[in-house]
Every structure is written in C-alpha cells, then in structure tokens.
Amino acid sequence: MPAARKPLYAVPQAEREQRQTAVGVGLDWENVPESLPDAGRAEWQHLAEQHRAYPTRLRETDRTAVVAYCTWWAAFDAARRDIAERGALVPGRSSADAARGEGGLVKNPSVAAMRDASQQLRYWARELGLTPDSRARQGLQAELPEDDDPDGIWDC
C-alpha cells in the first residue's frame with residue numbers, strides 16, 4: 001500500500017513527525033492581520049492562546065486559512081448578535097410583506113448569513129485541524145497529562 005494511502009495507525013511516528021516538520025516555520029501569532037474585524041481579532045487571539053504550547057502546529061503557510069477562519073468567525077458572530085437582538089423574524093420592508101399577513105414579518109437575513117458562515121467555519125476548522133476528527137485524520141494526537149500515579153498503584 002502506498003505511504004499516502006496508509007491508515008494513520010500504520011504510519012510510523014518518525015514519518016508523521018517528518019511530514020509535520022516539512023512544511024515551514026510556525027505561524028507568527030503576534031502578527032495579527034489588520035484587516036480582521038474585532039471579533040475576528042478576538043478569535044485570532046483565542047487560537048494563539050490555544051496553540052502557544054504547539055508553536056509549529058500551524059505554519060506561516062496556513063496564514064491565509066487562519067485569516068479566512070477568523071473572518072468567517074466574525075461574520076458568524078455579527079449574524080448571531082443581530083439574531084439575538086432583533087430575533088429570527090423581523091418586520092419586512094416592502095408593501096408585499098405587509099400585505100402577506102403574519103404582521104409583515106419575514107425571516108431575518110442574518111439567519112441565512114449565520115448558516116452560510118457556519119458552513120464556512122466547519123470547512124476551515126477541518127482544514128486547520130481544529131476539530132477532534134480532523135486532528136485524528138491528520139495524525140495529531142492529544143498530549144496526555146503526566147502520569148499522576150507513576151508506580152501504578154491505582155491502575156485497574
């Protein structure tokens with residue numbers, strides 16, 4: 001079976017480490033893109049804190065993808081706030097909306113914007129390995145805490 005098609009459990013640890021180090025230097029989290037909206041900047045900072053212990057987990061080659069993820073997060077957050085403030089139904093703006101009944105209420109456009117942003121967030125989260133499933137597919141293991149029972153007395 002070719003190396004690219006091997007199941008993750010069949011790829012030796014050394015090969016996994018080589019694959020992970022072959023793609024450049026770690027992402028400079030201090031260099032926050034100026035174009036990000038406030039909510040996107042907050043998400044950038046959140047990701048920076050989460051990846052502080054893993055400086056090469058995301059690379060400079062991933063910068064565009066991280067910016068896209070944070071931008072879509074800002075869009076999702078703006079839509080979420082609008083729905084929280086105005087509700088899922090809002091007064092329509094045309095005479096046809098008023099004539100249709102239902103008090104002239106129509107679906108808040110932010111509902112569709114939130115759905116679209118959610119789809120993009122899922123895509124970018126998978127690309128960046130921000131979900132448990134995508135990390136497993138990339139061969140990234142969660143680091144286990146140190147053994148607090150080194151002599152094994154409490155092992156079952």
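Because only heavy atoms are used, hydrogens play no part in the values below, and waters and symmetry mates are left out as well, while side chains stay in.
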query = Who are the side chain to side chain donor-acceptor pair (under 3.5 Å) partners of Asp133, not counting sequence neighbours?
reply = Arg137

inquiry  = Tell me which pairs pass salt bridge (Lys or Arg N to Asp or Glu O under 4.0 Å) where either residue lies in residues 116-131, with sequence neighbours left out.
reply    = none

task = Sequence neighbours left out, what passes ring-ring contact (aromatic ring centres under 6.0 Å, His included) with Phe76? Give chain and number order.
result = Trp73

note = Hits for side chain to side chain donor-acceptor pair (under 3.5 Å) against Asp82, two or more places apart or cross-chain, chain-then-number order -> Arg86, Asn108, Ser110

message = Tell me whether Leu128 shares a hydrophobic cluster with Tyr123, the cluster being built from Ile, Leu, Val, Met, Phe, Trp, Tyr side chains joined at under 4.5 Å.
response = yes

inquiry  = Using the side chain to side chain donor-acceptor pair (under 3.5 Å) criterion, which residues pair with Arg80? Sequence neighbours excluded.
reply    = Asp77

note = In short, salt bridge (Lys or Arg N to Asp or Glu O under 4.0 Å) pairs touching residues 26-43 with sequence neighbours left out are none

inquiry  = Looking at every non-hydrogen atom in both residues, tell me the closest pair between Gly40 and Ala74 and how far apart they are.
reply    = N-CB, 3.6 Å

task = Using the test side-chain contact (heavy atoms from CB on, under 4.5 Å), find all partners of Gln50 that sit at least two apart in sequence or belong to another chain.
result = His46

task = Would you check, one step at a time, whether the test side-chain contact (heavy atoms from CB on, under 4.5 Å) holds for Leu105 with Val90?
result = CA-CA 5 Å; Leu105 296 177; Val90 296; 5.8 Å; no

Minimum-distance pair of heavy atoms, taken over all atoms of Trp44 and Asn31 = CZ2-O, 3.7 Å

task = Could you check Val32 against Gln45 for side-chain contact (heavy atoms from CB on, under 4.5 Å), going step by step and ending with a plain yes or no?
result = CA-CA 8 Å; Val32 182; Gln45 294 300 329; 3.3 Å; yes

query = Quick check: does any side chain N or O of Trp124 sit under 3.5 Å from a backbone N or O of Val66, one acting as donor and the other as acceptor?
reply = no

remark   = side-chain contact (heavy atoms from CB on, under 4.5 Å) filter on Ala125, not counting sequence neighbours, yields Tyr69, Leu130, Thr131

key: Gap separating the NZ atom of Lys107 from the CD1 atom of Ile83, nearest 0.5 angstrom   = 10.0 Å

query = Listed by chain and number, what are the side-chain contact (heavy atoms from CB on, under 4.5 Å) partners of Ala113, not counting sequence neighbours?
reply = Ala79

ask   = Between Gly129 and Ser134, what is the shortest heavy-atom contact and its length?
value = CA-OG, 3.1 Å

query = So, the side chain of Thr71 versus the backbone of Val67: is there a donor-acceptor pair under 3.5 Å, distance only?
reply = yes

message = Which residues pass the side chain to side chain donor-acceptor pair (under 3.5 Å) test with Arg115, not counting sequence neighbours?
response = none

key: Contacts of Arg63 that satisfy salt bridge (Lys or Arg N to Asp or Glu O under 4.0 Å) - sequence neighbours left out   = Glu60

ask   = Which pairs count as salt bridge (Lys or Arg N to Asp or Glu O under 4.0 Å) when at least one residue sits in residues 66-76, sequence neighbours excluded?
value = none

query = When hydrophobic residues are tied together by side-chain contacts of less than 4.5 Å, even through go-betweens, does Val106 share a cluster with Val111?
reply = no

